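These notes concern the structure reproduced below.
As the structure is a computational prediction, the values presented were derived from the model and not from experiment. Just so it is clear: chains get the letters A, B, ... in the order the sequence lines come, proteins before strands, and each one is counted from 1.
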Amino acid sequence: MPKCSECSADVAVEDGAQENEIVQCAECGTELEVVRTAPVGLAPAPDVEEDWGE
Amino acid sequence: MSPPAQTGTARTGAAWTGTARTGTAQSGATAWPRASEPGAAGAGAAAPVGLIASRVRLDEKRIMAALDRRAVPYERLDGRTCRYELDAAPPPWPVVLNREIGQVRAAYAAHGVEAGGGTVVNSAAAIELCGDKWRTSVALRRAGLPIPRTALALTPEAALDTIERIGYPAVIKPLQGSWGRLVTAVRDRHAAAAVLEHVAALPSPQSHIVYVQEFIDTPGRDVRAIVIGGRLVGAVYRSAGEAAGGWRANVALGATTERCAVTPELAELAEEAARVVGADIAGVDLLEERGERLLVLEVNSGVEFSGFQEAMGDTVDVADQIAGYVAACREGVWM
Ligand SMILES: [Zn+2]
């Protein structure tokens, strides 16, 4: 199981997760980005930027 | 499952290069699609649509699933890896759906596609118009649509008089801004002066331009209508959440949504507002003045719809409507 890059907890990632999908670590709440699939690799998600959103 | 989109190998000078992912969740190595006919943007019946998105949210997953269900081939590009070379070959996609989350990157992604002669939804012009509240207000008003009384001041110093002419309570908004950030209601001169002092201390010249609107007395909610390809898809009420200080109705700030019955007036206003700003896919925000007359508040070009979809239940499938519109553009039957 992929591990949280911040707290090393196991992170459950759904089957069929896509690259650049955002998941959250249940342990520490960090947002993580799926940077690769098969096997799933996680990295901290980019910080929200000022112009994000609708 | 759609057939995987046709891909070629990396070529220098391709109009749009970036990390591409084809078809379903299949992850290729760095693969660029090949334009079927050099010199023609998106030529070829089998050409996949482009989907630019750096952040795959529930909305993007739903759109990709809908494209799969409709057997529309697509190629997803991570906006963070896109680059454009002027005078390079045109984009190989007949149409590009722009789901980039950052407004600046979304606008320039659209500019890049258009510079190569490609078609992008929404267009760069629509993104930039919707991204500027003042220019949106001017366009809506010129088209004769009802909007709140709106004024512009070029400095925070000039803004105090502007606010007093509008009258209290008034709403001060940044010209550019998303998710309702930094939108402030002021109830008296003292509060207005405090907010303007804060505005004056902001670093960018852009943020010193003050956009002021009259405060509209609503039943504590606003209306979000989604228009795709010129047609209203549906509408929801958004009630301001506590996190939003009780009056800004924005889902990102904790607002709740509920299905709204569509009247002919609402449909006509929303469709007209989307048309005026040139947005093929538009989130139109409206206010019910004293629960009666509808006013157009703003039009969003980067529509987020998970809250809307939840409120609408299975009466409408926004992702499928978007996929259907993009598919129709790809076949050239809606453009
Ligand atoms: Zn963690």
Side-chain angles (χ1 to χ4, degrees), chain A, chain B residues 19-21 24-28 51-61 64-65 76-81 99-107 127 130-131 174 176-182 204 207 224 226 250-253 279 281-283 285 298-305 307-308:
Chain A
M1 200 181 265
K3 298 213 180 295
C4 173
S5 55
E6 299 299 294
C7 74
S8 297
D10 287 335
V11 180
V13 178
E14 274 180 47
D15 286 344
Q18 313 235 357
E19 268 182 58
N20 310 136
E21 198 173 322
I22 306 298
V23 296
Q24 197 170 26
C25 171
E27 286 286 316
C28 72
T30 298
E31 282 201 324
L32 301 161
E33 178 179 351
V34 176
V35 289
R36 93 183 104 72
T37 55
V40 171
L42 300 172
D47 288 333
V48 172
E49 288 182 55
E50 208 146 287
D51 71 335
W52 278 19
E54 57 171 28
Chain B
T19 313
R21 302 282 174 263
T24 50
Q26 171 191 6
S27 159
L51 171 60
I52 299 179
S54 57
R55 200 174 162 100
V56 176
R57 299 165 289 176
L58 181 56
D59 288 0
E60 283 70 37
K61 288 180 76 170
M64 289 190 274
R76 189 172 69 78
L77 283 105
D78 181 342
R80 290 168 295 189
T81 68
R99 293 288 307 177
E100 192 54 43
I101 190 168
Q103 294 202 354
V104 171
R105 208 150 60 200
I127 294 170
C130 292
Q176 282 133 355
S178 34
W179 286 336
R181 282 178 288 224
L182 297 174
S204 90
S207 54
R224 158 55 65 92
I226 292 183
N250 189 306
V251 177
L253 293 170
I281 298 175
D285 293 339
E298 61 183 74
V299 186
N300 297 277
S301 62
V303 183
E304 294 169 0
F305 56 84
F308 180 97

* Would you check, one step at a time, whether the test salt bridge (charged side-chain N to carboxylate O under 4.0 Å, His left out) holds for Arg80(B) with Glu33(A)? => CA-CA 13 Å; Arg80(B) 290 168 295 189; Glu33(A) 178 179 351; 2.5 Å; yes

* Heavy-atom distance under 4.5 Å to chain B: side chain of Val34(A), backbone, both or neither? -> neither

* Over all atoms of both residues, closest heavy-atom pair of Arg224(B) and Glu54(A) -> NH2-OE2, 2.9 Å

* Asked: CD of Glu27(A): more than 12 outside heavy atoms within 6.0 angstrom?
  -> no

* Asked: Do any N or O atoms from the side chain of Arg55(B) and from the backbone of Ala45(A) form a donor-acceptor pair under 3.5 angstrom?
  -> no

* **Most chain A-contacting option - heavy-atom pairs closer than 4.5 Å, from Gln176(B), Lys61(B), Arg57(B)** => Lys61(B)

* Compare all side-chain heavy atoms of Val104(B) with those of Glu49(A) and state whether any distance is below 4.5 angstrom. => no

* Asked: So, Arg181(B) side chain and Glu50(A) main chain: donor-acceptor pair closer than 3.5 Å or not?
  -> yes

* Heavy-atom pair with the smallest gap, counting every atom of Gln18(A) and Val56(B) -> CB-CG1, 4.4 Å

* Checking side-chain contact (heavy atoms from CB on, under 4.5 Å) for the pair Arg76(B)/Asn20(A): CA distance, chi angles, key distance, verdict? -> CA-CA 11 Å; Arg76(B) 189 172 69 78; Asn20(A) 310 136; 2.9 Å; yes

